[in-house]
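Predicted model only: the values in this text are computed from it and were never measured.
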2 protein chains.
Amino acid sequence: METRELVSEKTIGRLSLYRRLLSGLLAKGRQNIYSHELATLSGGTAPQVRRDLMAIGYSGSPSKGYEVADLSESINSFMDNPDGTRGIIVGAGNLGRAIMAYFEGRRPKLKIVAAFDNDPNKIGSEICNCPCCDMAYLKTTVAQMGISLGVITVPANRAQEVGDKLVDAGVTGILNFAPIRLHLPPNVYVEHVDLTTSMEKVAYFVQSNKDSDVAGA
Amino acid sequence: METRELVSEKTIGRLSLYRRLLSGLLAKGRQNIYSHELATLSGGTAPQVRRDLMAIGYSGSPSKGYEVADLSESINSFMDNPDGTRGIIVGAGNLGRAIMAYFEGRRPKLKIVAAFDNDPNKIGSEICNCPCCDMAYLKTTVAQMGISLGVITVPANRAQEVGDKLVDAGVTGILNFAPIRLHLPPNVYVEHVDLTTSMEKVAYFVQSNKDSDVAGA
DNA sequence: AAGAAGCTGTGAACTTTTTCACAGATAGCA
DNA sequence: TGCTATCTGTGAAAAAGTTCACAGCTTCTT
């Protein structure tokens, strides 16, 4: 009944990138684009782009390629919840506040509407146009505002507890920045953004470059 | 001559997680651990853990499993550059400063030693014990301090230019937080952390959960 | 001392993801 | 009109990553 579950996580990630690139092109007045051009912009390959668009049932035209505006709109309607998606963030420390600032106004259909923290100095203040609330109000806020997404930016030792509270409150998708893996029911989608691992991966591959002098472009 | 290039990027990522988990266990006085326990902690499977450790040539013992301290040390010596890895960050905005704070003192062999920005108000100041310098000094700093890693936290429209400057200065690994794909020579390792995509993926899978009520655990 | 239990290491099977390669389509041109 | 060039859509092949399943080892128990 739903084609949705059939589209892989990786494809979803790339579609998100494509539509962002397409927005940029659209702003520059670009009308059409070929798969190999989108591939270059997105750092992928042409067949991959075509496969990804095939996954959402989008068709281009031979020799004109894809229509930028139309494709962009198709990705939107495939990915966005028409009613919008509302999220909250738990942990209003440096990282939490930076992420709120980063996302503010980025997509019309996806908004962070409240922050939560347990620091009395933060509670009651406003961060990036969002109220910062006491954790005690998490469950009622989620229910009242129809929140489905939670962002976790608390320290590692509090992350599991916060994840449990979010799930208990009814959140079904979590973006976790804490450097541990959360244990949550399988119907909750969890995306781990592990900054330490990302950094250490780069450090590792830097080192291996150094060992073996690479020859040629 | 080097086993290093044979270990996949995914395995490196998991090793980074394993050693972090092992540090935690070590601090609690834990001595031994089985593959299935590490699997639970890391959100993977037991055979996967064993395969990953096989990749670095580490052997456990049947019925005792792996020695926590020894395994942790083995991963360190596999992943860390013995001379340490020094990095710089370009872009001292909200996100850049949050990331500096996040990494400060996290690993002895991996340090961010300087920040760069083009805002005159920031230049000359100190952020998380790092000097914030003018972009003009990037190249000489990289050379003088033996920097091999760069973190990009500038807006999308400046990211490619910053990437080019980093590579020109001699950096061979980049952690990019700007929401575009960088075009750089193939000998430079680039890790993209795309916060927008991560968020949009969660939003997408949240929505698809809602469509089809999941039955059972 | 011998059997039971439960682990690791790993070849082989399987699954997922990516890439290839080409039929079919469209537009431009002579 | 017919030829050429170049694109898309996609079956099939290849590659990458994961899981299975079991031989072999070690310890514990009786």
Side-chain angles (χ1 to χ4, degrees), chain A residues 3-18 22 25 30-68 70-72 74-75 78 181 186 189 192 197 201 205, chain B residues 3-18 22 25 30-68 70-72 74-75 78 181 186 189 192 197 201 205:
Chain A
T3 39
R4 200 156 270 142
E5 276 287 59
L6 303 174
V7 178
S8 79
E9 213 175 305
K10 297 210 168 180
T11 293
I12 297 298
R14 285 188 298 258
L15 287 170
S16 156
L17 177 57
Y18 299 155
L22 291 168
L25 293 168
R30 182 70 174 274
Q31 301 226 322
N32 295 92
I33 191 164
Y34 296 125
S35 62
H36 64 88
E37 297 175 288
L38 250 188
T40 302
L41 290 170
S42 67
T45 66
Q48 186 166 67
V49 170
R50 297 202 296 273
R51 272 261 189 279
D52 288 336
L53 301 189
M54 203 171 104
I56 63 167
Y58 191 83
S59 276
S61 100
S63 110
K64 281 217 214 78
Y66 305 97
E67 281 182 48
V68 175
D70 189 46
L71 173 54
S72 177
S74 290
I75 298 177
F78 179 81
R181 287 304 178 271
Y189 179 86
H192 290 277
T197 288
K201 273 170 76 175
F205 286 105
Chain B
T3 39
R4 198 155 272 142
E5 276 287 59
L6 303 175
V7 177
S8 79
E9 212 175 306
K10 296 208 168 182
T11 293
I12 296 298
R14 284 187 299 259
L15 287 170
S16 155
L17 177 57
Y18 298 156
L22 291 168
L25 293 169
R30 181 71 174 274
Q31 300 227 321
N32 295 91
I33 191 162
Y34 296 125
S35 62
H36 66 87
E37 296 176 288
L38 250 187
T40 302
L41 290 170
S42 67
T45 65
Q48 185 166 69
V49 169
R50 297 203 296 273
R51 273 262 189 275
D52 288 336
L53 301 189
M54 202 171 106
I56 64 167
Y58 190 83
S59 277
S61 98
S63 112
K64 280 216 218 79
Y66 304 98
E67 280 182 48
V68 175
D70 189 46
L71 173 54
S72 177
S74 289
I75 298 177
F78 179 81
R181 286 304 177 272
Y189 179 86
H192 291 276
T197 288
K201 274 171 75 175
F205 286 106

Check every atom of dT8(D), dT19(C), dC22(D) against the side chain of R50(A) and return the nucleotide holding the closest atom. dT8(D)

Here's a test of your reading of the structure: between R14(A) and P62(A), which maps to the more 5' nucleotide of DNA chain C? R14(A)

Using a heavy-atom cut-off of under 4.0 Å over every strand shown, decide if T11(B) touches base, sugar-phosphate, or nothing. nothing

As a test of reading the structure: which of dT18(C), dT8(D), dT8(C) is closest to the side chain of K10(A), going by heavy atoms? dT18(C)

May I have the distance from Q48(A) (atom CD) to dT16(C) (atom P), rounded to whole angstrom? 17 Å

Phosphate contact (dG9(D) OP1 or OP2) by Y34(A) side-chain N/O below 4.0 Å: no

Specify the separation, in whole Å, of atom CG of L15(A) and atom C1' of dT17(C). 15 Å

Closest to the H36(A) side chain: dT8(D), dT17(C), dC7(D)? dC7(D)

Are any of R51(A)'s side-chain N or O atoms less than 4.0 Å away from OP1 or OP2 of dT16(C)? no

How many whole angstroms separate atom CD1 of I12(B) from atom P of dG17(D)? 12 Å

Could you tell me how far apart E9(A) (CD) and dG17(D) (P) are, to the nearest whole angstrom? 16 Å

OP1 or OP2 of dC7(C) less than 4.0 angstrom from a side-chain nitrogen or oxygen of S61(B), does that happen here? no

Provide, to the nearest angstrom, the distance between the CG atom belonging to L6(B) and the P atom belonging to dA15(D). 16 Å

Under 3.5 Å, is there a donor on one side chain and an acceptor on the other for E37(B) and Y66(B)? no

dG6(C) phosphate, OP1 or OP2: any side-chain N/O from S63(B) under 4.0 angstrom? no

Does some side-chain heavy atom of F78(B) sit less than 4.5 Å from a side-chain heavy atom of V7(B)? yes

Any side-chain N or O of K64(B) less than 4.0 Å from the OP1 or OP2 oxygen of dT27(D)? yes

How many Å lie between CG on L38(A) and P on dG9(D), as a whole number? 12 Å

Answer yes or no: is there a side-chain heavy-atom contact under 4.5 Å between N32(B) and E67(B)? yes

If we only count heavy atoms from C-beta on, is the L15(B) to L53(B) side-chain gap below 4.5 Å? yes

Do any side-chain nitrogens or oxygens of S59(B) fall under 4.0 Å of OP1 or OP2 in dG9(C)? yes

Are any non-hydrogen side-chain atoms of H192(B) and R181(B) less than 4.5 angstrom apart? yes

For the pair made of CE in M54(B) and P in dC7(C), what is the distance, rounded to whole Å? 19 Å

Whole-Å distance separating the OH atom of Y58(B) from the P atom of dC7(C): 17 Å

